[in-house]
Each structure stands twice: as structure tokens, then as C-alpha cells.
Amino acid sequence: MPAHPFTFSRPEKLKSQIIIQQLFSSGKSQLAFPFRMVWTENTNPQSPAQVQVSVSVSTRNFKHAVDRNRIKRQMRECYRLNKQLLIDFLPPQHPQLAIMFIFVGKKHLPYKLLNRKLVELLTYLRQYYENR
RNA sequence: GCUACAAACUGUUCUAUCGCUGCCAAAUUUUUGGGAGAGGAAAGUCCGGGCAAUACAGAGCACCACACCACCUAACGGGUGGGAGCAAUAGCCGCAAGACUGUUGUUACAGCAAGUGCCACAGAAAAUAACCGCUAUCUAGCAAUAGAUACGCAUGGGUGAAAACGAACAAAACGUUCGCAUUGGUGCGGCAACGCACUAAGUUAGAAUAAACCUUGUGGAUUGAAAGACCAAAUACAUCGGCGCGUUGUACCGCAAGGUGCAACUGAGGGCUGCUCGUCCAAAUGUCGAGGGGUAGGUCGUUAGAGGUAAUUGGCAACAAGUAUCCUAGAUAAAUGAUAGAAACGACUGUAAACAGUACGUACAAAACCCGGCUUAUAGGUUUGUAGCCCUU
């Protein structure tokens, strides 16, 4: 358990193109508007983190980079502040999780709503692994 | 003073909590402290250059770009200054066409006097022009007029963006005069584009069109940082080396040599461990080691540069020179933030005003190898210019 739990540093970011390809070809998916969560278990982890996360906003819905950046930053912030919901629960020997959050909304929404919906998704994921 | 337009400059600030990416210093193996962290366009990716790889004797064709002159620049299709054309406007000369001077705007501003194409609608006709008309001659007729002839006449009409360069006089007909385009000569001024003066020719060439083909001149290798250079796990593989590929029994197949299965022994070697012991795994298409190319991944390229800021000097200016001073982002599924509160400025409402209130607004927009431009977007504020309106003198 790190001293400051609300971090989001490099090992926690999902970057590998190969894992992301796996994610979309064989991952499971859950929708909670305006988010769509795709996740999978990574059996060959490259980093020590238990969960790797990435966020995405489509160019089709948001033409300007400014808008995409802002939404992505807010999504990362939501995850950073709420990730303990999931990580505290997972046992240490559990395989690494790779998660991608995709913003599927067409316009910008208030932060409080984004926060609530992301908590919803994390809670869903937690229950999914509890019931197995 | 207000409004509109154009250009230039500027383009929010602070606090708290929790974070992100480099750097520096401690501590030392993941913590602590310090300090840094988007733009005028970072955008569009439209030009030019650096840089890199590949290609390259030389020449031509094709293709693409550019096109008044001089200068600036690393270079440019960029910039500065100048010239010319065109348009508008004011003044002035002229009967008119048109000329001159000033101001403003504008031009892809070499060639249609090499060839080809095209020229809507209207109109007889849109480029070997004869519809109406006109002239001459002949015929008919008293005459008005009608008809015929001329390879007759571009001079009047209407159409059109344009009608055979334009105008005056005239339908005067192989016109006269004037003006302008164009072509040439001489002199003067200017680096040059070009200008001024004098002078000759002057309807020829449609005084249309080249952001029509084209012609002439000049320039241009191709691909872009996902360029390119280097390091390189695991797994698999080319290659090389060490050790090993054994013994016994039994069953089956086979004429035989031999092969296959099962069991036991041996144990090259490996795992567990810091080492030994121990224990487990392990047998022939084996195992251990070396090893090259090379994948994931990483490092460099990569942020000190045609750099910024001052005043000085030279230049009308773009810009240049030396001097002083400053160091100012470096991510890579891509950091530079999120949330809360306050302030400032503005808007609206109330009010004479101060001021108060507000679920109000604070633009355009995010670096991605680096520079120089161009183009486009931009709330609010400041300055300058132009135009209009109102007030005062």
C-alpha cells in the first residue's frame, strides 16, 4: 500500500499497443453513459501495477484537441480519485487488469456526472469479480 | 462624444486540497525538498530552408511551380521600396474622343504582331461581316417608285460585354482633321522597370480571350523524425561447441538384420537454495552453453537556436552590423491538470449616482524534430486611421 493512494503514475497507464489490440478483440465491455468500459486480464504483465488504465475520446465527436484533452483529463482525474474502490479489493495474486474507458457522448458533460458514472463502472467491475 | 469598419498590440489573477512530466539536491531504493512546465496563432499543413536516408557521368523529353524592376533574406510563391495598367473621385484643358495633376483602391503585371481553340443571349453577321440602308449604271414608268446588275459601299440603323480603334464634320464614299493603342529613330534622366521631349509610320494584327491549350524564359532528384543511428528481454530459429543418445528383462511385429511398447537401473542436465546436503523433474526429434539477424521495449536524433530582449550605428524601408544581457516546455495511447473558493474586467436588472444583486459571461484554440513566412479563427481591453451622426466654438 503506497503512502499516497491517489496517484496515477506511469506504470498505471496502459500504453502497450499489443495489449490494447487484445483488449478490443477479446475484452469484455460495459456501458454507463457517457462511458463505455472495455477490460481484459493481462497474463503477461510488463509493469508491477495491478491495474493499467487508459482513456479515449473519439475525434469524430470532438473535432478540437482542446475539447478532447479536457475530457480525457477529467476522466483520468475521476479514476485517480476512485481507483481504491477496485484496487483495495483485488487480491495480490490476481492477474493484471487492463481497462480502457471510452467517452461515447456527443457533448461535454459536468464533472460531477462523469465522476458518478465512473464510480458506477468501477463498482460493477468489483462485483463482477466478487461473484466469480 | 458615440457608432461602424480596418490595422497593430494585448489577450485574466490569486488561494487551498489532491495530482501529472522533466530537471537539480539530499536521502538511499522509493521517499523528501527546491525549481520549471503551451500559443499568437501551438491550428490549416499552403510555400521556403535546415537536418536525415536513398538516388545521381552528361544531355534531352515529359511533369510541376513561378513570371514589371531593384533590393532584403539561409531561402521562398514571403517582405520592403519603386514603375506601369485599370477603376473610382476632385480639379483643370478640349465641341468631343481624350489628355494632365492630386487622392484612394486594385492587378497572376512575359507573349494573342507563331499556331490551334473558344466567343452564351440578342443580332443579318461574333471574324473568309451586306438584314435594313446607301452609291453607280441599265431597264420600266409622266412621276413617285419598282426590278436587275456590280466577285459595289463598313459610312447611317438596331442587337450585344465586344460590330472591325475612338471622336468631330458629313451618310461627303479610294474622305479631312484630331486623339489614343502599337511599331521605329534621336536626345536627356534613372542601377533598372520606365519616364520626359522631338520625330517617322500609323488600320495593319479582332485596340477579345493565355487563372484556354500553347510559346518563351527561369527554377525544381525522391521521401519525411512513423526520417535515421544505436542497445536489446522472453519465445522461436540458421550456425558452432560440450555432454549424452546407455544397460537389463519382457511382450508384439519380422525369414532375418532390426523395430515398437512396457518395467527396472543408470542420470547429460535442470528446478527449489547464497552454498552444500537433500528432494523433485528429466532420455533421445535430448540437454547445456556460445551466437547472429531481430520482436516487445528502451536510448539518441530532441530542444542554445538563421534564438529572444535592449539601446546604438547604417539604410526611405524590409533589414543588416557590432555591443550588452537572458536561457525560456520536452510529452510519446502523448505531461503542462482537476475540484472548491475569492478577486478583476464585462454584460444585464434596479438606482439620479455611489452602489447592490445574478444557477450570467471571460474569446479563438493545445507544442510533437527545428526555424522563416503565408492563410484562417479570435470575447474583452488599449492605440492609430477612415467614414457617418450629434454637441460646442
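Protein chains get the first letters and strands the later ones, always in sequence-line order, with residue 1 at the start of each. Quick caveat: nothing in here was measured; it's all calculated off a predicted structure.
Look at the P atom in both C142(B) and G152(B): the space between them is 34 Å, to the nearest Å. Comparing the P positions of A125(B) and A150(B) gives an interatomic distance of 24 Å, to the nearest angstrom. Rounded to a whole angstrom, the distance from the C1' atom of A366(B) to that of C51(B) is 26 Å. Taking atom C1' on both nucleotides, U73(B) is separated from G37(B) by 34 Å, rounded to a whole Å. Remark: the separation of the P atoms in C109(B) and U209(B) is 12 Å, to the nearest Å. Only the C1' atoms considered, A162(B) is 9 Å distant from G206(B), to the nearest whole Å. When the P atom is used for both A387(B) and A359(B), the distance is 47 Å, rounded to whole Å. A distance of about 33 Å separates the P atoms of G50(B) and A193(B), rounded to the whole Å.
For the pair Arg73(A) CZ and A333(B) C1', the computed distance is 14 Å after rounding to whole Å. Atom P of nucleotide A365(B) and atom CZ of Arg68(A) are separated by 13 Å, given to the nearest angstrom. Separating the CZ atom of Arg76(A) from the P atom of U336(B) is a distance of 7 Å, rounded to the nearest angstrom. Rounded to whole Å, atom P of G44(B) lies 10 Å from atom NE2 of His64(A). Summarising the geometry, the separation between CE on Met75(A) and P on A334(B) is reported as 11 Å, rounded to the nearest angstrom. To the nearest angstrom, C1' of U339(B) lies 10 Å from CD of Gln74(A). Trp39(A) places its CH2 atom 25 Å from the P atom of A333(B), with the value rounded to the nearest Å. A338(B) atom C1' lies 14 Å from atom CD1 of Ile71(A), rounded to whole Å.
G117(B): Watson-Crick or G-U partner is U209(B), with both key distances under 3.5 Å. The partner of A227(B) cannot be assigned: no Watson-Crick or G-U wobble pair with both contacts below 3.5 Å exists in any strand. Using the Watson-Crick or G-U wobble rule with both distances under 3.5 Å, G249(B) pairs with C262(B). With a cut-off of 3.5 Å on both pairing distances, the Watson-Crick or G-U wobble partner of A290(B) is U239(B). Base-pair partner of U222(B): A53(B) (Watson-Crick or G-U wobble, both distances under 3.5 Å). Pair assignment for G123(B) gives none, since no Watson-Crick or G-U wobble pairing has each distance under 3.5 Å. With a 3.5 Å ceiling on both atom-pair distances, the Watson-Crick or G-U wobble partner of U139(B) is A146(B). Pairing partner, A167(B): U177(B), with both Watson-Crick or wobble hydrogen-bond distances short of 3.5 Å.
Atom CZ of Arg73(A) is separated from atom CZ of Arg70(A) by 9.5 Å, given to the nearest 0.5 angstrom. In this structure, the separation between CZ on Phe35(A) and CE on Met75(A) is 5.0 Å, given to the nearest 0.5 Å.
Note on ring orientation: taking the six-membered ring where Trp is involved, the planes of Phe101(A) and Tyr79(A) are tilted (angle from 30° to 60°).
A continuous path of ILVMFWY side-chain contacts below 4.5 Å connects Leu114(A) to Tyr124(A), so both sit in one hydrophobic cluster.
An OP1 or OP2 oxygen of A333(B) is reached within less than 4.0 angstrom by no side-chain nitrogen or oxygen of Gln52(A). Contact annotation: Arg70(A) does not reach the phosphate of A366(B) (side-chain N/O to OP1 or OP2, under 4.0 Å).
Of the residues near RNA chain B, Met100(A) and Val66(A), the one whose nearest nucleotide (by heavy atom distance) lies more toward the 5' end is Met100(A). When the nearest nucleotides of RNA chain B are assigned to Ser56(A) and Ala65(A) by heavy-atom distance, the more 5′-ward of the two goes with Ser56(A).
Applying the 90° cutoff around 0 to the glycosidic angle, G286(B) is assigned anti. Glycosidic conformation of A38(B): syn, with the torsion inside 90° of 0. A glycosidic torsion no more than 90° from 0 defines the syn conformation, and G40(B) adopts it. Nucleotide U279(B) is shown with an anti base, its glycosidic torsion being more than 90° from 0. With a glycosidic angle no further than 90° from 0, U303(B) counts as syn.
Looking at heavy atoms from C-beta onward, Leu125(A) lies in side-chain contact with Met37(A) at the 4.5 angstrom threshold. Within the 4.5 Å cutoff, the side chain of Val104(A) has heavy atoms near those of the Leu31(A) side chain. Under the 4.5 Å side-chain criterion, counting only non-hydrogen atoms from C-beta, Trp39(A) is not in contact with Met100(A).
Looking at Arg80(A), its side chain comes within 3.5 Å of the base of C18(B) through a donor and an acceptor atom.
Under a 3.5 Å cut-off, the side chain of Arg36(A) and the backbone N or O of Phe103(A) do not form any donor-acceptor pair.
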